[in-house]
Protein chains: 2
Amino acid sequence: MAVSDTGVQSLDRATGLLEILAEAPAGTPLSVLAAASGLPPSTVHRLLGAMVGQGWVRRLPGRTYALGPRLIHLGERASRTLGALARPHLARLVDEIGETANLALLDGDRVVYAAQVPGRHAMRMFTEVGRRVRLHSTGVGKVLLAQLPPEDARALLLHAGMPARTPRTVTDVDRLLAELPTIRAQGYAVDDGEQETGVRCLAVPVPAGGDAALSVSGPEGRLPVDAVPRLAPVLQAVAAALAAELTGGSPAISSPGPRPE
Amino acid sequence: MAVSDTGVQSLDRATGLLEILAEAPAGTPLSVLAAASGLPPSTVHRLLGAMVGQGWVRRLPGRTYALGPRLIHLGERASRTLGALARPHLARLVDEIGETANLALLDGDRVVYAAQVPGRHAMRMFTEVGRRVRLHSTGVGKVLLAQLPPEDARALLLHAGMPARTPRTVTDVDRLLAELPTIRAQGYAVDDGEQETGVRCLAVPVPAGGDAALSVSGPEGRLPVDAVPRLAPVLQAVAAALAAELTGGSPAISSPGPRPE
DNA sequence: CGCAACGTTCCACGATGCGGAATGCTGACT
DNA sequence: AGTCAGCATTCCGCATCGTGGAACGTTGCG
């Protein structure tokens, strides 16, 4: 299952197994993995063997399996690399706006928070790096959706589901899809208490990645709607600076088109 | 390369590529990956395509690659699961001993820190979760080596290398191997300023995992050698409690023996 | 404008991973 | 203790899936 089917069977299957392990609490036996993945036990056994050998999976006593040590290291590495690059930019946002700033990435049909700089106020958003949330109820999610071809956006939304997080959450696919052209045109998205009651969030795409976005969030009182048109350009400027640095390592593209695909 | 060769070729190769990406600063082009892995470009291209599809790898504009968002999430997950379980036990150690306590796992030919509770003193060890260190110069490393068959231990040491971190670091394989039977017999290992000058570290294996260990570390002055025989049982008791909980999730073993393997 | 380097696509070959069936464990029930 | 059931594990012949050399496109440099 998963987002799967990308050319290399064994890799896709292995990924699927990891995903199942990530959901399962801890110490999952082979039989459960086989059942959940729909693969024959012998196949699961072989794949697990390989993954254990590589450290993706840990084999606990009692013949049960859990996520492995290599993930800890690589995960740290991934978020640290990105975080180190992004943090100064996020800090600049906090300087200028005062609210908690986040960098988020598209991860399958969710958004994962990759870096964060907390705002200056005592009452502030607190989102853990590594946390994964659905696309439909967050500013970053909507802004990322808007970068995608509509049919892809729809597919992701349907796949992930659109549960109501608050009374304001948009739970209808078509209504959400209808917002996207506007978001795309204006270059930012607003989450108006759709994820967390009383919390407004303003998000913009990072022009480089195509799958990255940054945002600031705070209580509605401190982020009034009429401030949005003033704040959006600030976010966009920072996003552009971050994008430049992200692509700065290598020559990279200069084409203006927002959709490299 | 890597620790590789575990039955499923494509998976091993993909892992190798990720490893290379983890070392490379950011935005690595395909050609570099092909060269570093020794694989033909077309193969690398296909594997990367699959990994991008699964979120293991991010494709930056400018045709360059970096570690992907899925790693951030899974890494968090892996360390959080373990960390949540281990932290109360580590906290108990800090309560009783006062020094920073760590949980570490064997990760290939290194040790990765998986959880940490800082000690009560102002001057204290500071080790980042996710950090990877060599086996030969740390208490946890030595205690993990002692759990292994000597030939495996030797292989890991030779593979990782044994650079001197301090004047006290043991840099000779045979001298280190000679320590292991003692460590194994007494059930703990001491790092006597071998990793960091002036820092002593006491480590014990977690009987369950076989590949987990916990430790306390502090300045030599606060962790005198003659306190070790008194402290070791404290660590061992906590390790046993942690082990019980680790295996507790599923029915698992009930045998009292410290070595289920 | 032409060239060179690099990324990408194609395709026929065969090694590689597949999974059904047989075997070996382990722990539960009587 | 003995038996049994449910797992995990190993085996092995088959076909699939991945492989990588070669051809093609593209990008950016001289």
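All heavy atoms count here, side chains included; hydrogens, waters and symmetry mates do not. This is a predicted model, so every value here is computed, not measured. A, B, ... follow the sequence lines: proteins, then strands. Residue 1 opens every chain.
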**Item:** Inter-residue atom distance A:Lys142.NZ - A:Ile183.CD1, 0.5 Å rounding
**Value:**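 Those atoms lie 5.5 Å apart.
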**Request:** Working to the nearest 0.5 Å, report the span between CZ of A:Arg80 and CG of B:Leu67.
**Result:**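 The CG atom of B:Leu67 is 13.0 Å from CZ of A:Arg80, to the nearest 0.5 Å.
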Measure from the side-chain N and O atoms of [X] to the backbone N and O of [Y], and report whether any donor-acceptor pair falls under 3.5 Å.
{"X": "A:Gln116", "Y": "A:Ala101", "result": "no"}
{"X": "A:Arg77", "Y": "B:Ala22", "result": "yes"}
{"X": "B:Arg134", "Y": "B:Ala160", "result": "yes"}

**Request:** On DNA chain D, check which nucleotide each of B:Ser42 and A:Ser42 is closest to and give me the residue with the more 5' one.
**Result:** A:Ser42
**Proximal nucleotide (of C:dG7, D:dC11, D:dA22) relative to the B:Arg59 side chain** =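 Shortest atom-to-atom distance from the side chain points to C:dG7.
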**Prompt:** How far apart are the C-alpha atoms of B:Leu18 and B:Leu71, what are their side-chain angles, what is the distance that settles it, and do they pass the side-chain contact (heavy atoms from CB on, under 4.5 Å) test?
**Reply:** CA-CA 10 Å; B:Leu18 273 184; B:Leu71 286 167; 4.2 Å; yes
**Message:** Taking any heavy-atom pair under 4.0 Å as a contact, classify A:Ser31: base, sugar-phosphate, or nothing.
**Reply:** sugar-phosphate
Find the distance [X]:[atom1] to [N]:[atom2] and express it as a whole number of Å.
{"X": "A:Leu30", "N": "D:dC7", "atom1": "CG", "atom2": "P", "value": "11 Å"}
{"X": "B:Tyr65", "N": "C:dG7", "atom1": "OH", "atom2": "P", "value": "8 Å"}
{"X": "B:Leu60", "N": "C:dG7", "atom1": "CG", "atom2": "P", "value": "13 Å"}
{"X": "A:Leu33", "N": "D:dT9", "atom1": "CG", "atom2": "C1'", "value": "15 Å"}

**Asked** Along nucleotides 12-17 of chain C, 5' to 3', which nucleotides get a B, which get an S, and which get a -, given that the test is a protein heavy-atom distance under 4.0 Å?
**Response** ----SS
**Request:** Establish, with yes or no, whether the OP1 or OP2 oxygen of C:dG7 is under 4.0 angstrom from a side-chain nitrogen or oxygen of B:His45.
**Result:** no
